[in-house]
Number of protein chains: 2
Amino acid sequence: MTPRDDASTATRKEQILDAAAELFALQGFYKTTTALVAKSVGVTQPYVFHFFRTKEELFLAVLDRGYRRLVHAFSAVESPPEELVHRMGGAFEALLVTHRNEILLVMQAYAIPEPAIREEVKAKFDEIHRMVGSRFAQAGIPNASGEAGMFIGTGLLIALSQILELPRLLPWCDPE
Amino acid sequence: MTPRDDASTATRKEQILDAAAELFALQGFYKTTTALVAKSVGVTQPYVFHFFRTKEELFLAVLDRGYRRLVHAFSAVESPPEELVHRMGGAFEALLVTHRNEILLVMQAYAIPEPAIREEVKAKFDEIHRMVGSRFAQAGIPNASGEAGMFIGTGLLIALSQILELPRLLPWCDPE
DNA sequence: CACTCCTTATTTATCGATAAATAAATTTAT
DNA sequence: ATAAATTTATTTATCGATAAATAAGGAGTG
């Protein structure tokens, strides 16, 4: 069986990335074993190491895909200046629906104490902040950088409320 | 002041809690071994289990202390209504100085996928949100519950910026 | 006072489980 | 047949947890 004549047309490497994304998001970096990832794809555990030298490398690959999707979604938002912040929020929530696990993973990866992971997370959050801030600035929003920070803070709150299953933490989910 | 909260007269159990708080905050739940905690106190690893039945129980004890300190600090804030939000923020930042590790631990514990831990984190964040929200309401702040949510979101952002060493994420830390 | 009893604090030794990673063998497709 | 895809077998390491032993210090009693 050659790669890609599988029903899903996904490469083994892609399947592994997909399975890893779900497991890492649901169970975290440490509780997700390479054996679990392998089993979820339907291959043996050592075979995972054929595509990724270490478990950390696999995690970083998953993470990178997630951050790239976020950055791309934010940069693709087209909007009149007065609606930009709201539409950016909409883009985030849309991704949260279509790629829930990946986004939740990305939003909580800063809590993983592996130096290499933390470095990547730091670089990516910095990139997102600068990108969002410059779009806000371009739209004439005052204190654009500060607003970009609060935008990220809101994203963190959304992720927290999803992970803990506490929707009432969200400001716009008011109880009657 | 309870009996023996002086560093030199601290009980072994308290010493272990202190060391665990620092290590858990710095290295996370999984990378912090009971052997490390023991070594940092100067006792042997199995002795930790004399005070805490499991590593998770030790972690929960540390966490509980942290959340209680937060809740107490917020409830102790006295302020005229128009300054309440600002003063509450000040109380959070004060704790971040005096008990940095504990607070950072508390703010990122939601990312730990152990069911028992997640339950405690959920209950505590709910409690904080309700408490802050009702104080905001008492001060006549409109949409108090929503403001309490944003208050927590800001706390998450502060923790993120500290953990990643990215101070420019904070809205009030404007670059020149 | 001295002798035994019991408690408190702590260590030594070790088990059982799990997980990442490596190397070598084997199957499958072309 | 040969090269890629994948497995089997195994290693190495670590960690949480248990059990049993040791040492020191009162406290009560004759």
Side-chain angles (χ1 to χ4, degrees), chain A residues 1-63 109 112-117, chain B residues 3-4 6-63 105 109 112-118 120:
Chain A
M1 173 159 66
T2 68
R4 302 193 154 273
D5 71 69
D6 191 52
S8 69
T9 79
T11 247
R12 268 279 126 101
K13 192 171 180 177
E14 289 168 332
Q15 288 182 285
I16 290 173
L17 277 171
D18 290 338
E22 172 154 341
L23 289 170
F24 280 138
L26 257 38
Q27 323 207 36
F29 178 72
Y30 297 101
K31 286 193 82 176
T32 299
T33 67
T34 57
L36 259 169
V37 173
K39 187 179 178 185
S40 144
V41 172
V43 299
T44 57
Q45 177 257 333
Y47 193 40
V48 172
F49 290 85
H50 183 256
F51 300 99
F52 303 93
R53 294 220 330 277
T54 64
K55 175 182 166 180
E56 185 175 276
E57 204 173 84
L58 167 60
F59 185 85
L60 288 172
V62 169
L63 209 57
I112 299 168
E114 303 293 329
I117 295 177
Chain B
R4 47 174 76 252
D6 184 76
S8 54
T9 56
T11 253
R12 271 277 128 100
K13 191 171 179 178
E14 290 167 332
Q15 288 181 286
I16 290 174
L17 277 171
D18 291 339
E22 172 153 342
L23 289 169
F24 280 138
L26 255 39
Q27 325 208 35
F29 178 72
Y30 297 102
K31 285 194 85 177
T32 299
T33 67
T34 56
L36 259 169
V37 173
K39 188 179 178 185
S40 147
V41 172
V43 298
T44 57
Q45 176 259 338
Y47 194 42
V48 172
F49 289 86
H50 182 256
F51 301 99
F52 303 94
R53 294 222 326 280
T54 63
K55 175 183 168 180
E56 186 176 274
E57 206 172 82
L58 167 61
F59 184 85
L60 288 172
V62 170
L63 208 57
L105 178 64
I112 299 168
E114 302 294 329
I117 296 178
R118 203 148 270 187
E120 168 147 334

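To find a chain, count down the sequence lines: A is the first, B the second, and so on, and within it residues start at 1.
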Between the CD1 atom in A:Ile16 and the OG1 atom in A:Thr11, the distance rounded to the nearest 0.5 Å is 10.0 Å
Flag for A:Gln27-A:Thr32: side-chain donor and acceptor within less than 3.5 Å = no
Sorted by number, residues from residues 31-49 of chain A placing a heavy atom under 4.0 Å from DNA chain D are A:Val43, A:Thr44, A:Pro46, A:Tyr47
Contacts of B:Phe49 meeting ring-ring contact (aromatic ring centres under 6.0 Å, His included) (sequence neighbours excluded), chain-then-number -> none
Residues passing the ring-ring contact (aromatic ring centres under 6.0 Å, His included) test with A:Tyr30, sequence neighbours excluded, are B:Tyr30
Can you tell me how far [atom2] of [N] sits from [atom1] of [X], to the nearest Å?
X: B:Leu23; N: D:dG16; atom1: CG; atom2: P; answer: 12 Å
X: B:Tyr30; N: C:dA19; atom1: OH; atom2: C1'; answer: 14 Å
X: B:Glu57; N: D:dG16; atom1: CD; atom2: C1'; answer: 14 Å
X: B:Glu56; N: D:dC15; atom1: CD; atom2: C1'; answer: 15 Å
X: A:Phe51; N: D:dT7; atom1: CZ; atom2: C1'; answer: 13 Å
X: A:Lys13; N: D:dA5; atom1: NZ; atom2: C1'; answer: 15 Å
X: B:Lys55; N: D:dC15; atom1: NZ; atom2: P; answer: 8 Å
X: B:His50; N: D:dA20; atom1: NE2; atom2: C1'; answer: 14 Å

Q. Does NZ in A:Lys39 sit with more than 12 non-hydrogen atoms of other residues, nucleotides or ligands closer than 6.0 Å?
A. no
Please confirm whether the shortest side-chain N or O distance from B:Arg12 to OP1 or OP2 of C:dA9 is below 4.0 Å.
no
Looking at A:Arg53, does any N or O in its side chain come under 4.0 Å of the phosphate oxygens OP1/OP2 on C:dA21? no
(message) With a 4.5 Å cut-off on side-chain heavy atoms, are A:Val43 and A:Val37 touching?
(response) no
